[in-house]
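The basis for the numbers below is simple: all heavy atoms, side chains too, and nothing from hydrogens, waters or symmetry mates.
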There are 2 protein chains.
Amino acid sequence: MSKIKIIVADDHQLFREGIIALLAKNDSLDIIGEAASANELFELMDKSVPHVVLMDISMPETNGLDAIKVAKDKYPECKFIVLTMHAEGQYVVKAVRNGAFGYLIKNADENELIAAIEAVALGKKYFNSEISQLMIGNMALEGESHKKLSDREMEVLELVSEGRTTKEIADQLFVSARTVDTHRVNMMKKLSVQNTAELIKKAAHLKLI
Amino acid sequence: MSKIKIIVADDHQLFREGIIALLAKNDSLDIIGEAASANELFELMDKSVPHVVLMDISMPETNGLDAIKVAKDKYPECKFIVLTMHAEGQYVVKAVRNGAFGYLIKNADENELIAAIEAVALGKKYFNSEISQLMIGNMALEGESHKKLSDREMEVLELVSEGRTTKEIADQLFVSARTVDTHRVNMMKKLSVQNTAELIKKAAHLKLI
DNA sequence: CTAGCCCTCCGTATTTATACTGACTGAAGA
DNA sequence: TCTTCAGTCAGTATAAATACGGAGGGCTAG
(Lines give C-alpha, C1' and ligand atoms only; values in the text may rest on other atoms or scores of the structure.)
Protein backbone atom coordinates (compact mmCIF):
# COMPACT_ATOMS: atom_id res chain seq x y z
CA MET A 1 0.00 0.00 0.00
CA SER A 2 1.18 3.51 -0.76
CA LYS A 3 1.99 6.02 1.92
CA ILE A 4 -0.80 7.64 3.88
CA LYS A 5 -0.92 11.32 3.02
CA ILE A 6 -1.53 13.54 6.03
CA ILE A 7 -2.16 17.19 6.73
CA VAL A 8 -1.79 18.55 10.27
CA ALA A 9 -4.11 21.45 11.13
CA ASP A 10 -3.42 23.14 14.45
CA ASP A 11 -2.87 26.76 15.28
CA HIS A 12 0.03 25.97 17.60
CA GLN A 13 3.16 25.82 15.53
CA LEU A 14 5.17 23.96 18.14
CA PHE A 15 2.56 21.26 18.34
CA ARG A 16 2.46 20.92 14.56
CA GLU A 17 6.21 20.69 14.38
CA GLY A 18 6.30 18.19 17.19
CA ILE A 19 3.71 15.94 15.59
CA ILE A 20 5.49 16.14 12.26
CA ALA A 21 8.81 15.26 13.85
CA LEU A 22 7.08 12.34 15.53
CA LEU A 23 5.34 11.02 12.42
CA ALA A 24 8.36 11.57 10.19
CA LYS A 25 9.96 8.55 11.85
CA ASN A 26 7.31 6.33 10.32
CA ASP A 27 7.94 5.41 6.69
CA SER A 28 4.37 4.57 5.86
CA LEU A 29 3.20 8.08 6.61
CA ASP A 30 3.72 11.11 4.42
CA ILE A 31 3.02 14.56 5.82
CA ILE A 32 2.11 16.61 2.81
CA GLY A 33 1.30 19.83 4.60
CA GLU A 34 0.45 21.74 7.72
CA ALA A 35 -2.12 24.43 8.37
CA ALA A 36 -2.54 26.95 11.17
CA SER A 37 -6.17 27.72 10.33
CA ALA A 38 -9.18 26.31 8.53
CA ASN A 39 -8.58 28.59 5.56
CA GLU A 40 -5.01 27.43 5.20
CA LEU A 41 -6.24 23.87 5.35
CA PHE A 42 -8.79 24.50 2.60
CA GLU A 43 -6.11 25.98 0.39
CA LEU A 44 -3.86 22.99 0.91
CA MET A 45 -6.67 20.56 0.20
CA ASP A 46 -7.50 22.35 -3.03
CA LYS A 47 -3.99 21.59 -4.22
CA SER A 48 -3.74 18.04 -2.98
CA VAL A 49 -6.30 16.01 -1.09
CA PRO A 50 -4.76 14.02 1.77
CA HIS A 51 -6.02 10.70 3.06
CA VAL A 52 -6.16 11.90 6.64
CA VAL A 53 -6.34 15.30 8.33
CA LEU A 54 -5.31 15.72 11.98
CA MET A 55 -7.44 18.58 13.18
CA ASP A 56 -7.42 20.68 16.31
CA ILE A 57 -10.71 22.11 17.57
CA SER A 58 -9.66 25.49 18.85
CA MET A 59 -8.42 27.56 15.97
CA PRO A 60 -8.84 31.21 15.09
CA GLU A 61 -11.65 32.16 12.69
CA THR A 62 -13.40 28.91 11.81
CA ASN A 63 -13.08 26.25 14.51
CA GLY A 64 -11.96 22.75 13.68
CA LEU A 65 -15.34 21.06 14.03
CA ASP A 66 -17.06 23.45 11.65
CA ALA A 67 -14.13 23.14 9.29
CA ILE A 68 -14.63 19.37 9.16
CA LYS A 69 -18.22 19.82 8.14
CA VAL A 70 -17.29 22.17 5.32
CA ALA A 71 -14.38 20.07 4.11
CA LYS A 72 -16.40 16.85 4.25
CA ASP A 73 -18.86 18.21 1.71
CA LYS A 74 -16.10 19.08 -0.69
CA TYR A 75 -13.85 16.07 -0.20
CA PRO A 76 -15.96 13.18 1.07
CA GLU A 77 -13.13 10.69 0.63
CA CYS A 78 -10.86 12.56 3.04
CA LYS A 79 -10.95 11.35 6.67
CA PHE A 80 -10.65 13.60 9.67
CA ILE A 81 -9.21 12.82 13.08
CA VAL A 82 -9.89 15.37 15.78
CA LEU A 83 -6.75 15.82 17.85
CA THR A 84 -7.42 18.09 20.77
CA MET A 85 -6.95 18.65 24.45
CA HIS A 86 -10.69 19.01 24.99
CA ALA A 87 -11.97 15.86 26.63
CA GLU A 88 -15.57 17.04 26.72
CA GLY A 89 -18.53 15.06 25.57
CA GLN A 90 -20.14 17.90 23.68
CA TYR A 91 -17.12 18.20 21.41
CA VAL A 92 -16.98 14.49 20.74
CA VAL A 93 -20.65 14.46 19.83
CA LYS A 94 -20.28 17.40 17.52
CA ALA A 95 -17.20 15.88 15.92
CA VAL A 96 -19.07 12.68 15.15
CA ARG A 97 -22.06 14.56 13.80
CA ASN A 98 -19.81 16.61 11.57
CA GLY A 99 -18.26 13.50 10.11
CA ALA A 100 -15.01 12.97 11.99
CA PHE A 101 -13.62 9.43 11.74
CA GLY A 102 -11.55 9.64 14.90
CA TYR A 103 -11.10 11.61 18.08
CA LEU A 104 -7.92 11.68 20.13
CA ILE A 105 -6.94 13.60 23.23
CA LYS A 106 -3.52 15.15 23.10
CA ASN A 107 -2.42 13.00 25.98
CA ALA A 108 -2.69 9.91 23.84
CA ASP A 109 0.64 8.35 22.99
CA GLU A 110 2.46 7.97 19.73
CA ASN A 111 1.31 4.39 19.20
CA GLU A 112 -2.31 5.32 19.57
CA LEU A 113 -1.94 8.22 17.17
CA ILE A 114 -0.43 5.98 14.52
CA ALA A 115 -3.00 3.27 15.15
CA ALA A 116 -5.75 5.84 14.73
CA ILE A 117 -4.27 7.20 11.50
CA GLU A 118 -3.91 3.73 10.03
CA ALA A 119 -7.39 2.68 11.03
CA VAL A 120 -8.98 5.83 9.70
CA ALA A 121 -7.04 5.67 6.45
CA LEU A 122 -8.63 2.27 5.86
CA GLY A 123 -12.05 3.75 6.34
CA LYS A 124 -12.52 2.50 9.88
CA LYS A 125 -13.58 4.73 12.71
CA TYR A 126 -11.30 5.19 15.69
CA PHE A 127 -12.79 6.19 19.02
CA ASN A 128 -11.24 4.61 22.07
CA SER A 129 -13.34 3.61 25.02
CA GLU A 130 -12.60 6.75 27.02
CA ILE A 131 -13.91 8.91 24.20
CA SER A 132 -16.89 6.67 23.62
CA GLN A 133 -17.79 7.00 27.27
CA LEU A 134 -17.65 10.77 27.05
CA MET A 135 -19.97 10.68 24.10
CA ILE A 136 -22.43 8.39 25.79
CA GLY A 137 -22.42 10.57 28.86
CA ASN A 138 -23.18 13.60 26.78
CA MET A 139 -25.90 11.98 24.70
CA ALA A 140 -27.67 11.09 27.92
CA LEU A 141 -27.56 14.72 28.96
CA GLU A 142 -29.00 15.84 25.64
CA GLY A 143 -32.34 14.36 26.42
CA GLU A 144 -32.87 16.81 29.21
CA SER A 145 -30.88 19.52 27.57
CA HIS A 146 -31.70 22.99 26.46
CA LYS A 147 -32.92 24.23 23.13
CA LYS A 148 -30.87 26.73 21.24
CA LEU A 149 -31.35 30.42 21.83
CA SER A 150 -32.50 32.57 18.93
CA ASP A 151 -30.45 35.48 17.63
CA ARG A 152 -32.66 38.01 19.30
CA GLU A 153 -32.46 36.15 22.56
CA MET A 154 -28.70 36.09 22.38
CA GLU A 155 -28.78 39.82 21.86
CA VAL A 156 -30.92 40.32 24.94
CA LEU A 157 -28.81 37.86 26.92
CA GLU A 158 -25.69 39.79 26.08
CA LEU A 159 -27.19 43.04 27.34
CA VAL A 160 -28.64 41.46 30.46
CA SER A 161 -25.24 40.04 31.29
CA GLU A 162 -23.75 43.50 30.99
CA GLY A 163 -25.94 44.70 33.78
CA ARG A 164 -28.54 46.56 31.71
CA THR A 165 -32.06 46.67 33.05
CA THR A 166 -35.06 45.54 31.06
CA LYS A 167 -36.01 49.11 30.30
CA GLU A 168 -32.55 50.06 29.08
CA ILE A 169 -32.43 47.03 26.83
CA ALA A 170 -35.89 47.83 25.49
CA ASP A 171 -34.82 51.37 24.59
CA GLN A 172 -31.66 50.16 22.97
CA LEU A 173 -33.39 47.52 20.86
CA PHE A 174 -36.39 49.75 20.08
CA VAL A 175 -38.95 47.32 21.45
CA SER A 176 -41.20 47.39 24.48
CA ALA A 177 -40.02 46.33 27.90
CA ARG A 178 -42.58 43.51 27.78
CA THR A 179 -40.79 42.04 24.82
CA VAL A 180 -37.45 42.06 26.53
CA ASP A 181 -39.16 40.49 29.50
CA THR A 182 -40.57 37.76 27.33
CA HIS A 183 -37.21 37.03 25.78
CA ARG A 184 -35.64 36.74 29.18
CA VAL A 185 -38.39 34.46 30.42
CA ASN A 186 -38.23 32.30 27.30
CA MET A 187 -34.50 31.90 27.73
CA MET A 188 -34.99 30.85 31.31
CA LYS A 189 -37.45 28.20 30.17
CA LYS A 190 -35.17 26.98 27.42
CA LEU A 191 -32.25 26.60 29.78
CA SER A 192 -34.46 25.28 32.60
CA VAL A 193 -33.41 27.84 35.16
CA GLN A 194 -35.39 29.82 37.70
CA ASN A 195 -34.13 33.35 37.44
CA THR A 196 -31.75 35.72 35.76
CA ALA A 197 -28.80 34.97 38.02
CA GLU A 198 -28.93 31.29 37.19
CA LEU A 199 -29.53 32.11 33.55
CA ILE A 200 -26.33 34.12 33.38
CA LYS A 201 -24.39 31.41 35.14
CA LYS A 202 -25.60 28.71 32.79
CA ALA A 203 -25.04 30.90 29.76
CA ALA A 204 -21.52 31.64 30.93
CA HIS A 205 -20.80 27.97 31.43
CA LEU A 206 -22.18 27.15 28.00
CA LYS A 207 -19.88 29.87 26.73
CA LEU A 208 -22.77 31.79 25.24
CA ILE A 209 -21.39 34.99 26.78
CA MET B 1 29.83 24.03 26.86
CA SER B 2 28.20 20.81 27.90
CA LYS B 3 24.73 19.83 26.81
CA ILE B 4 21.76 21.63 28.28
CA LYS B 5 19.79 19.16 30.37
CA ILE B 6 16.04 19.50 29.95
CA ILE B 7 12.89 18.05 31.47
CA VAL B 8 9.55 18.42 29.70
CA ALA B 9 6.54 18.66 31.99
CA ASP B 10 3.17 18.53 30.23
CA ASP B 11 0.18 16.35 30.85
CA HIS B 12 -0.35 15.75 27.14
CA GLN B 13 1.76 12.83 26.13
CA LEU B 14 1.59 13.59 22.42
CA PHE B 15 2.83 17.08 23.01
CA ARG B 16 5.69 15.82 25.17
CA GLU B 17 6.68 13.27 22.57
CA GLY B 18 6.45 15.86 19.85
CA ILE B 19 8.65 18.33 21.67
CA ILE B 20 11.15 15.64 22.47
CA ALA B 21 11.28 14.49 18.85
CA LEU B 22 11.81 18.12 17.88
CA LEU B 23 14.56 18.84 20.36
CA ALA B 24 16.28 15.51 19.79
CA LYS B 25 17.51 16.88 16.48
CA ASN B 26 19.62 19.41 18.32
CA ASP B 27 22.91 18.05 19.60
CA SER B 28 23.46 20.68 22.25
CA LEU B 29 20.27 19.70 24.07
CA ASP B 30 19.77 16.66 26.23
CA ILE B 31 16.31 15.65 27.31
CA ILE B 32 16.83 13.83 30.55
CA GLY B 33 13.21 13.22 31.39
CA GLU B 34 9.54 13.92 30.93
CA ALA B 35 6.76 14.39 33.44
CA ALA B 36 2.99 14.32 33.14
CA SER B 37 2.38 16.03 36.46
CA ALA B 38 4.06 18.22 39.05
CA ASN B 39 4.67 15.23 41.30
CA GLU B 40 6.37 13.29 38.54
CA LEU B 41 8.50 16.34 37.87
CA PHE B 42 9.53 16.60 41.50
CA GLU B 43 10.53 12.95 41.54
CA LEU B 44 12.65 13.39 38.44
CA MET B 45 14.33 16.49 39.83
CA ASP B 46 15.17 14.69 43.02
CA LYS B 47 17.17 12.22 40.97
CA SER B 48 18.81 14.66 38.60
CA VAL B 49 18.42 18.42 38.46
CA PRO B 50 18.09 19.71 34.88
CA HIS B 51 19.25 23.08 33.66
CA VAL B 52 15.90 23.92 32.16
CA VAL B 53 12.32 22.71 32.67
CA LEU B 54 9.69 23.24 30.00
CA MET B 55 6.48 23.50 31.95
CA ASP B 56 2.83 23.52 30.95
CA ILE B 57 0.38 25.48 33.07
CA SER B 58 -2.67 23.24 32.97
CA MET B 59 -1.86 19.98 34.63
CA PRO B 60 -3.82 17.73 36.96
CA GLU B 61 -3.35 18.15 40.71
CA THR B 62 -0.80 20.95 41.12
CA ASN B 63 -0.80 23.40 38.24
CA GLY B 64 2.39 24.37 36.51
CA LEU B 65 2.70 27.85 37.97
CA ASP B 66 2.41 26.66 41.53
CA ALA B 67 4.80 23.85 40.76
CA ILE B 68 7.41 26.38 39.64
CA LYS B 69 7.17 28.18 42.94
CA VAL B 70 7.68 24.98 44.90
CA ALA B 71 10.52 23.71 42.72
CA LYS B 72 12.26 27.10 42.74
CA ASP B 73 12.66 26.94 46.49
CA LYS B 74 14.22 23.52 46.34
CA TYR B 75 16.38 23.97 43.25
CA PRO B 76 17.10 27.66 42.78
CA GLU B 77 19.64 27.01 40.06
CA CYS B 78 17.10 25.30 37.81
CA LYS B 79 15.40 27.56 35.27
CA PHE B 80 11.79 27.26 34.20
CA ILE B 81 10.20 28.11 30.88
CA VAL B 82 6.44 28.15 30.82
CA LEU B 83 5.25 26.57 27.59
CA THR B 84 1.52 26.88 27.25
CA MET B 85 -1.35 27.71 24.99
CA HIS B 86 -2.67 30.30 27.41
CA ALA B 87 -1.87 33.73 26.05
CA GLU B 88 -3.39 35.56 28.99
CA GLY B 89 -1.79 38.33 30.93
CA GLN B 90 -2.73 37.00 34.32
CA TYR B 91 -0.80 33.80 33.70
CA VAL B 92 2.26 35.63 32.48
CA VAL B 93 2.25 37.83 35.55
CA LYS B 94 1.89 34.88 37.86
CA ALA B 95 4.63 33.00 36.04
CA VAL B 96 7.04 35.89 36.50
CA ARG B 97 6.12 36.30 40.14
CA ASN B 98 6.68 32.61 40.72
CA GLY B 99 10.13 32.81 39.22
CA ALA B 100 9.79 31.61 35.63
CA PHE B 101 12.67 32.65 33.36
CA GLY B 102 10.71 32.38 30.15
CA TYR B 103 7.18 32.18 28.78
CA LEU B 104 6.32 30.78 25.38
CA ILE B 105 3.00 30.24 23.64
CA LYS B 106 2.64 26.87 21.95
CA ASN B 107 2.30 28.56 18.62
CA ALA B 108 5.90 29.72 18.79
CA ASP B 109 8.20 27.99 16.33
CA GLU B 110 11.07 25.62 16.81
CA ASN B 111 13.70 28.34 16.48
CA GLU B 112 12.13 30.45 19.16
CA LEU B 113 11.87 27.50 21.51
CA ILE B 114 15.53 26.71 21.09
CA ALA B 115 16.51 30.35 21.41
CA ALA B 116 14.53 30.55 24.63
CA ILE B 117 16.11 27.41 26.05
CA GLU B 118 19.60 28.62 25.24
CA ALA B 119 18.99 32.07 26.66
CA VAL B 120 17.45 30.76 29.84
CA ALA B 121 20.20 28.17 30.32
CA LEU B 122 22.65 31.06 30.39
CA GLY B 123 20.66 32.73 33.11
CA LYS B 124 18.96 35.27 30.84
CA LYS B 125 15.24 35.81 30.83
CA TYR B 126 13.26 35.17 27.69
CA PHE B 127 9.98 36.98 27.18
CA ASN B 128 9.23 38.09 23.66
CA SER B 129 7.46 41.35 22.97
CA GLU B 130 4.03 39.76 22.57
CA ILE B 131 4.27 38.23 26.04
CA SER B 132 5.66 41.40 27.55
CA GLN B 133 2.73 43.32 26.15
CA LEU B 134 0.31 40.88 27.72
CA MET B 135 1.99 41.34 31.04
CA ILE B 136 1.92 45.11 30.82
CA GLY B 137 -1.73 45.05 29.85
CA ASN B 138 -2.53 42.92 32.85
CA MET B 139 -0.50 44.95 35.31
CA ALA B 140 -2.44 48.01 34.24
CA LEU B 141 -5.68 46.20 34.94
CA GLU B 142 -4.52 45.20 38.39
CA GLY B 143 -4.63 48.77 39.62
CA GLU B 144 -8.32 49.04 39.03
CA SER B 145 -8.97 45.43 39.75
CA HIS B 146 -11.32 43.86 42.18
CA LYS B 147 -10.67 42.94 45.75
CA LYS B 148 -11.03 39.38 46.78
CA LEU B 149 -14.35 38.06 47.96
CA SER B 150 -14.61 36.78 51.50
CA ASP B 151 -15.55 33.20 52.29
CA ARG B 152 -19.04 34.18 53.29
CA GLU B 153 -19.46 36.21 50.15
CA MET B 154 -18.36 33.27 48.03
CA GLU B 155 -20.93 31.16 49.78
CA VAL B 156 -23.67 33.65 49.01
CA LEU B 157 -22.42 34.06 45.45
CA GLU B 158 -22.62 30.33 44.91
CA LEU B 159 -26.22 30.22 46.06
CA VAL B 160 -27.22 33.30 44.11
CA SER B 161 -25.77 31.74 40.98
CA GLU B 162 -27.86 28.65 41.57
CA GLY B 163 -30.99 30.69 41.27
CA ARG B 164 -31.86 30.95 44.95
CA THR B 165 -33.62 34.07 46.11
CA THR B 166 -32.35 36.27 48.90
CA LYS B 167 -34.88 34.83 51.31
CA GLU B 168 -34.02 31.23 50.48
CA ILE B 169 -30.34 31.96 50.96
CA ALA B 170 -31.03 33.69 54.26
CA ASP B 171 -32.94 30.68 55.54
CA GLN B 172 -30.25 28.30 54.42
CA LEU B 173 -27.43 30.28 56.04
CA PHE B 174 -29.46 31.08 59.16
CA VAL B 175 -29.05 34.83 58.81
CA SER B 176 -31.47 37.60 57.95
CA ALA B 177 -32.35 38.51 54.41
CA ARG B 178 -30.74 41.91 54.99
CA THR B 179 -27.41 40.26 55.55
CA VAL B 180 -27.60 38.31 52.36
CA ASP B 181 -28.59 41.53 50.65
CA THR B 182 -25.57 43.28 52.06
CA HIS B 183 -23.25 40.53 50.94
CA ARG B 184 -24.62 40.70 47.44
CA VAL B 185 -24.32 44.49 47.35
CA ASN B 186 -20.77 44.38 48.74
CA MET B 187 -19.76 41.88 46.10
CA MET B 188 -21.19 44.12 43.41
CA LYS B 189 -19.12 47.00 44.74
CA LYS B 190 -15.97 44.89 44.92
CA LEU B 191 -16.34 43.72 41.36
CA SER B 192 -17.56 47.12 40.17
CA VAL B 193 -20.75 45.89 38.61
CA GLN B 194 -24.26 47.29 38.65
CA ASN B 195 -26.50 44.34 39.35
CA THR B 196 -26.73 40.66 40.02
CA ALA B 197 -26.74 39.63 36.37
CA GLU B 198 -23.45 41.37 35.71
CA LEU B 199 -22.08 40.07 39.00
CA ILE B 200 -22.72 36.49 37.96
CA LYS B 201 -21.20 37.08 34.57
CA LYS B 202 -18.05 38.58 36.02
CA ALA B 203 -17.80 35.90 38.66
CA ALA B 204 -18.17 33.22 36.01
CA HIS B 205 -15.47 34.80 33.90
CA LEU B 206 -13.18 35.05 36.89
CA LYS B 207 -13.94 31.39 37.42
CA LEU B 208 -15.25 32.04 40.90
CA ILE B 209 -18.25 29.84 40.14
C1' DC C 1 -4.08 49.17 70.91
C1' DT C 2 -5.84 50.90 66.87
C1' DA C 3 -7.07 50.53 62.14
C1' DG C 4 -9.28 47.75 59.03
C1' DC C 5 -11.97 44.14 57.47
C1' DC C 6 -15.68 40.71 58.06
C1' DC C 7 -20.11 39.56 59.39
C1' DT C 8 -24.16 40.77 61.12
C1' DC C 9 -28.54 43.63 61.18
C1' DC C 10 -32.12 47.63 60.48
C1' DG C 11 -35.83 51.08 57.73
C1' DT C 12 -37.81 53.16 53.86
C1' DA C 13 -38.75 53.99 49.19
C1' DT C 14 -38.43 52.94 44.52
C1' DT C 15 -37.43 50.21 40.76
C1' DT C 16 -37.27 45.52 38.68
C1' DA C 17 -38.19 40.99 38.08
C1' DT C 18 -41.29 37.17 38.00
C1' DA C 19 -45.78 34.47 37.54
C1' DC C 20 -49.74 33.68 35.10
C1' DT C 21 -52.36 33.91 30.89
C1' DG C 22 -53.01 35.07 26.33
C1' DA C 23 -52.57 36.80 21.46
C1' DC C 24 -51.12 38.75 16.77
C1' DT C 25 -47.84 38.86 12.65
C1' DG C 26 -44.71 37.19 9.31
C1' DA C 27 -41.39 34.01 7.62
C1' DA C 28 -39.78 29.53 6.81
C1' DG C 29 -40.52 24.83 6.11
C1' DA C 30 -43.23 20.20 5.77
C1' DT D 1 -51.53 24.96 2.51
C1' DC D 2 -50.84 24.21 7.18
C1' DT D 3 -47.78 24.14 10.87
C1' DT D 4 -44.24 25.87 13.50
C1' DC D 5 -41.65 29.25 15.53
C1' DA D 6 -39.45 33.77 16.34
C1' DG D 7 -40.65 38.09 17.56
C1' DT D 8 -43.69 41.29 19.11
C1' DC D 9 -47.01 43.11 22.80
C1' DA D 10 -50.55 43.18 26.88
C1' DG D 11 -52.64 43.17 32.11
C1' DT D 12 -52.37 42.21 36.75
C1' DA D 13 -50.36 40.90 40.86
C1' DT D 14 -46.81 39.63 43.84
C1' DA D 15 -42.04 38.93 44.99
C1' DA D 16 -37.60 40.58 44.84
C1' DA D 17 -33.81 43.61 44.13
C1' DT D 18 -31.62 48.11 44.52
C1' DA D 19 -30.50 52.72 46.51
C1' DC D 20 -30.19 55.38 50.35
C1' DG D 21 -27.74 55.67 55.06
C1' DG D 22 -26.43 53.77 59.26
C1' DA D 23 -24.37 50.62 63.26
C1' DG D 24 -22.20 47.23 66.53
C1' DG D 25 -19.22 43.12 67.70
C1' DG D 26 -15.31 40.27 66.60
C1' DC D 27 -10.94 39.22 64.86
C1' DT D 28 -6.29 40.22 63.14
C1' DA D 29 -2.17 42.30 61.86
C1' DG D 30 0.75 46.32 62.11
Side-chain angles (χ1 to χ4, degrees), chain A residues 66 69 73 97 142-209, chain B residues 97 142-206 208-209:
Chain A
D66 291 338
K69 197 169 194 174
D73 283 340
R97 290 211 171 115
E142 274 194 5
E144 59 182 58
S145 91
H146 53 280
K147 305 171 184 174
K148 281 183 183 171
L149 299 185
S150 69
D151 290 346
R152 194 58 155 178
E153 284 168 344
M154 286 296 294
E155 215 170 336
V156 172
L157 177 62
E158 187 77 35
L159 291 167
V160 170
S161 80
E162 283 167 8
R164 311 267 153 249
T165 67
T166 299
K167 182 153 176 47
E168 287 172 337
I169 297 170
D171 289 344
Q172 185 166 338
L173 299 183
F174 302 107
V175 297
S176 93
R178 313 274 182 188
T179 304
V180 177
D181 238 330
T182 306
H183 286 311
R184 199 172 14 78
V185 169
N186 286 340
M187 285 189 278
M188 292 193 285
K189 283 181 184 161
K190 283 186 183 176
L191 299 191
S192 324
V193 296
Q194 319 183 41
N195 57 27
T196 304
E198 204 182 349
L199 171 66
I200 300 295
K201 181 197 178 192
K202 192 143 192 172
H205 282 179
L206 294 173
K207 291 171 187 167
L208 301 179
I209 50 178
Chain B
R97 291 209 172 119
E142 275 192 3
E144 59 180 59
S145 90
H146 55 278
K147 307 171 185 174
K148 281 183 182 172
L149 299 185
S150 70
D151 290 348
R152 195 57 154 178
E153 285 168 344
M154 286 296 295
E155 215 170 335
V156 172
L157 178 63
E158 187 75 33
L159 292 166
V160 170
S161 79
E162 282 168 9
R164 311 266 153 252
T165 67
T166 298
K167 183 156 176 43
E168 286 172 337
I169 297 170
D171 289 345
Q172 185 165 337
L173 299 183
F174 303 106
V175 297
S176 92
R178 311 276 182 188
T179 304
V180 176
D181 238 328
T182 306
H183 286 311
R184 200 173 10 79
V185 169
N186 288 340
M187 285 190 276
M188 292 193 284
K189 282 179 186 161
K190 283 187 181 175
L191 299 191
S192 324
V193 296
Q194 324 183 40
N195 58 27
T196 303
E198 204 183 349
L199 171 67
I200 299 297
K201 180 196 176 191
K202 192 144 194 173
H205 283 180
L206 294 173
L208 301 178
I209 51 177

If only side-chain N and O atoms of B/Thr179 are considered, is one of them under 4.0 Å from the OP1 or OP2 phosphate oxygen of C/dC9?
-> yes
Under the side-chain contact (heavy atoms from CB on, under 4.5 Å) criterion, do B/Met154 and B/Leu157 qualify, and how do the steps go?
-> CA-CA 5 Å; B/Met154 286 296 295; B/Leu157 178 63; 4.3 Å; yes
Quick one: what's the B/S/- string for nucleotides 18-25 of chain D, heavy-atom cutoff under 4.0 Å, read 5' to 3'?
-> B-------
Please step through side-chain contact (heavy atoms from CB on, under 4.5 Å) for the pair B/Val160 and B/Val180, ending with a clear verdict.
-> CA-CA 10 Å; B/Val160 170; B/Val180 176; 5.5 Å; no
CE of A/Met187 versus P of D/dG7: gap in Å, rounded?
-> 10 Å
Phosphate-side-chain proximity, B/Lys189 and C/dC5, N/O vs OP1/OP2 below 4.0 Å | no
Name all residues meeting the side chain to side chain donor-acceptor pair (under 3.5 Å) criterion together with A/Thr182; count only those two or more places apart in sequence or in a different chain, and write none if there are none.
-> none
Tell me which donor-acceptor pairs under 3.5 Å the side chains of residues 167-174 of chain B have, and how far apart each pair is, sequence neighbours excluded?
{"from": "B/Glu168", "atom 1": "OE1", "to": "B/Thr165", "atom 2": "N", "distance (Å)": "2.9"}

Verify the contact: side-chain N or O of B/Thr166 to OP1 or OP2 of D/dA16, cut-off strictly under 4.0 Å; return yes or no.
-> no
Side chain to side chain donor-acceptor pair (under 3.5 Å) against B/Arg184, all qualifying residues, sequence neighbours excluded = B/Thr166, B/Asp181
All side chain to side chain donor-acceptor pair (under 3.5 Å) counterparts of A/Asp66, not counting sequence neighbours | A/Asn63
Taking OP1 and OP2 of D/dA6, is either one under 4.0 Å from a side-chain nitrogen or oxygen of A/His183?
-> no
What pairs with B/Glu155 under side chain to side chain donor-acceptor pair (under 3.5 Å), at least two apart in sequence or on another chain?
-> B/Arg152
Over how many whole Å does the gap from B/Leu157 atom CG to C/dC7 atom P extend?
-> 13 Å
Taking only residues two or more places apart in sequence or in another chain, which ones pass side-chain contact (heavy atoms from CB on, under 4.5 Å) with A/Glu198?
-> A/Val193, A/Gln194, A/Asn195
Round to a whole Å and report the spacing from CG of B/Leu159 to P of D/dA17.
-> 12 Å
Nearest-Å distance for atom pair CD/C1', residues B/Glu155 and C/dC6 = 13 Å
Rounding to the nearest 10°, end axes of the helix from C/dC1-D/dG30 to C/dA30-D/dT1 built from five pairs each make an angle of 70°
Between C/dA17 atom P and A/Arg164 atom CZ, what is the distance in whole Å?
-> 13 Å
Output the residues of residues 168-176 of chain B in contact with DNA chain C, where contact means a heavy atom of the residue under 4.0 Å from an atom of the strand; sort by number or write none.
-> B/Val175, B/Ser176
Would you please name every residue forming a side-chain contact (heavy atoms from CB on, under 4.5 Å) with B/Lys189, sequence neighbours left out?
-> B/Val185
What integer distance in Å separates B/Lys190:NZ from C/dG4:P?
-> 16 Å
With rounding to the nearest 0.5 Å, note down the distance linking CE in B/Met187 to CD1 in B/Ile200.
-> 7.5 Å
How close or far is atom C1' of D/dC27 from atom CZ of B/Arg152, stated in whole angstroms?
-> 16 Å
Whole-Å distance, A/Asn186 CG to C/dG22 P, equals 16 Å
How many angstroms lie between atom CE of B/Met188 and atom NZ of B/Lys202, to the nearest 0.5 angstrom?
-> 13.5 Å
